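Below is one structure, written out as structure tokens; the observations come after it.
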Amino acid sequence: MLDVRGQPRRLVSRTIERYEAVQRRVAEGRSLWGISRELGLNYYTVRRYARAAGVEELLASATHRRTLLDAFKPYLHQRVTADGCHNASQLFREVTAQGYRGSASPVYWYVRLLKSNAVAPPPPRPIPRPRTVTRWIMIHPDGLRPDDTMTLKEIRAACPELDTVTRHVRSFATMMRDLRGDRLPAWIDDVRNSGLPALVQYADGLALDLDAVTAGLSVAWSSGQAEGQNTRVKLIKRQGYGRANFDLLRKKILLRD
């Protein structure tokens, strides 16, 4: 439970102290409100410390907070311990090229700890949930954090089917953004050759109304104005609480600024 400088984390020591203080007072029969006033802590914080099965439960959140360097620690560990590279400046340049956006100091301190064997190898990153991976695929690549980009790259390399899905989804998003509906037939043919049933089913549905979908991907016009007017009419109607007849509703719609 050390920080990048090899020192005990202050948050960890503070959590242990508070846990012991709360548990000691609970064992004495003190009320949670009384403990809260005496220690100057929020009541719900005291309750969380009192109900915890052990200090490890509280330390889980304190010791697993994300930092900018976390995603690059396995790479640094590999370069220092296996490759024998001890040049912290060079390693800082390497992780910066991979997407690290932090300062050089954490890299220097972590490399120093690795050289002195003061830290254990970083644990493997947890497997992201399917919903999280879906979000990474659906948003623009420039909107991903560096560690998310790296994780998605590893997932795509390990799963060819998911790599194919990502490529098709982003290609379709490019058509929508650039209004290139002329690419739709080729995109549908490419998807049909991919052998992914769910994606093929979606492409077949687009082919049933190809002209309309192509137009939607080619022109700048949309149904947004019509949908906005529908929403406005529904709002005016609901403001009458069900008591306005059609004539009054018509006048409110026509005369509304």
Side-chain angles (χ1 to χ4, degrees), residues 3-4 11 60-80 82-83 85 88-111 114 119 121-181 183-184 186-188 190-191 193-203 206 213 216-218 220 222 224:
D3 59 16
V4 294
L11 179 59
S61 59
T63 57
H64 290 82
R65 294 191 174 184
R66 298 171 63 91
T67 67
L68 294 176
L69 190 61
D70 286 347
F72 306 94
K73 285 182 177 179
Y75 176 80
L76 293 175
H77 185 271
Q78 169 71 21
R79 293 284 286 128
V80 173
D83 301 341
C85 179
S89 298
Q90 176 183 341
L91 294 174
F92 170 68
R93 291 192 295 269
E94 292 179 5
V95 295
T96 300
Q98 296 179 16
Y100 174 66
R101 294 296 178 264
S103 63
S105 296
V107 178
Y108 293 163
W109 282 107
Y110 190 68
V111 171
L114 289 174
V119 292
R125 283 174 289 178
I127 299 176
R129 294 178 298 179
R131 179 178 298 181
T132 302
V133 178
T134 301
R135 178 173 57 83
W136 292 344
I137 294 174
M138 296 298 293
I139 67 177
H140 194 279
D142 294 342
L144 291 174
R145 297 182 303 182
D147 54 340
D148 294 340
T149 301
M150 183 179 299
T151 303
L152 180 59
K153 182 179 179 180
E154 294 175 354
I155 293 174
R156 293 179 63 180
C159 181
E161 292 81 3
L162 193 58
D163 179 66
T164 303
V165 170
T166 304
R167 179 170 56 84
H168 288 314
V169 168
R170 291 182 171 175
S171 177
F172 191 85
T174 301
M175 282 193 293
M176 294 179 60
R177 184 186 67 243
D178 299 340
L179 299 179
R180 295 301 305 270
R183 300 177 180 177
L184 183 60
W187 184 86
I188 292 177
D190 194 14
V191 169
N193 294 329
S194 66
L196 300 174
L199 207 56
V200 171
Q201 184 179 5
Y202 176 75
L206 297 180
V213 178
L217 294 175
S218 304
S222 69

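Reckoned from all heavy atoms, side chains included, excluding hydrogens, waters and symmetry mates. The model shown is predicted, which means the values in this text are computed figures rather than measured ones.
Under the side-chain hydrogen bond (donor to acceptor under 3.5 Å, both in side chains) criterion, Arg170 pairs with no residue, sequence neighbours left out. Scanning for side-chain hydrogen bond (donor to acceptor under 3.5 Å, both in side chains) contacts around Arg183 gives an empty result, with sequence neighbours left out.
The shortest side-chain heavy-atom distance between Arg135 and Arg131 does not fall under the 4.5 Å cut-off. No side-chain heavy atom of Thr96 sits less than 4.5 Å from a side-chain heavy atom of Val107. When side chains are defined from C-beta on, Thr151 counts as touching Trp136, because their heavy atoms get closer than 4.5 Å. Using a 4.5 Å cut-off on side-chain heavy atoms (C-beta onward), Thr132 and Asp148 make no contact. Side chains of Arg180 and Leu217 form no contact here, defined as non-hydrogen atoms less than 4.5 Å apart.
The minimum heavy-atom distance linking Ser194 with Val200 is given by the pair OG-CG2, 4.3 Å. Closest heavy-atom contact between Pro141 and Thr149: O-OG1, 4.4 Å. Pairing each heavy atom of Pro128 with each of Val133, the nearest pair is CG-CG2, 3.8 Å. Taking every heavy atom of both residues into account, Gly181 and Ser218 meet most closely at CA-OG, 3.3 Å. Contact detail for Phe92 and Gly102: the closest heavy-atom pair is CE1-O, 3.9 Å. Shown here for Gly195 and Pro197, the closest heavy-atom pair between the two residues is O-CD, 3.4 Å.
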Between Leu184 and Phe172, is a side chain to side chain contact (heavy atoms under 4.5 Å, CB included) present by the stated rule, with each step listed? CA-CA 8 Å; Leu184 183 60; Phe172 191 85; 4.1 Å; yes

Would Val191 and Leu196 count as a side chain to side chain contact (heavy atoms under 4.5 Å, CB included) if you check the C-alpha gap in whole Å, the side-chain angles of each, and the deciding distance to 0.1 Å? CA-CA 8 Å; Val191 169; Leu196 300 174; over 6 Å; no

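Considering NZ of Lys73 and CG of Leu114, their distance stands at 9.0 Å, rounded to 0.5 Å. To the nearest 0.5 Å, atom OG1 of residue Thr164 and atom CG of residue Asp190 are 9.0 Å apart. With rounding to the nearest 0.5 angstrom, the CZ atom of Arg101 is 13.5 Å from the CZ atom of Arg145. Rounding to the nearest 0.5 angstrom, the gap separating the CZ atom in Phe72 from the CD atom in Gln98 is 6.5 Å. Atoms OG1 and CE, on Thr166 and Met138 in that order, are 10.5 Å from each other to the nearest 0.5 Å. Here the CG-CG distance, from Leu76 to Leu69, works out to 5.5 Å after rounding to the nearest 0.5 Å.
Glu94 and Gln90 share a side-chain donor-acceptor pair at under 3.5 Å.
Side-chain N or O atoms of Ser171 include none that pairs as donor or acceptor with a backbone N or O of His168 at under 3.5 Å.
Ring geometry, Tyr202 versus Trp187: the interplanar angle exceeds 60°, so the pair is classed perpendicular (tilted spans 30 to 60°).
More than 12 heavy atoms of other residues, nucleotides or ligands sit less than 6.0 Å from atom CZ of Arg177.
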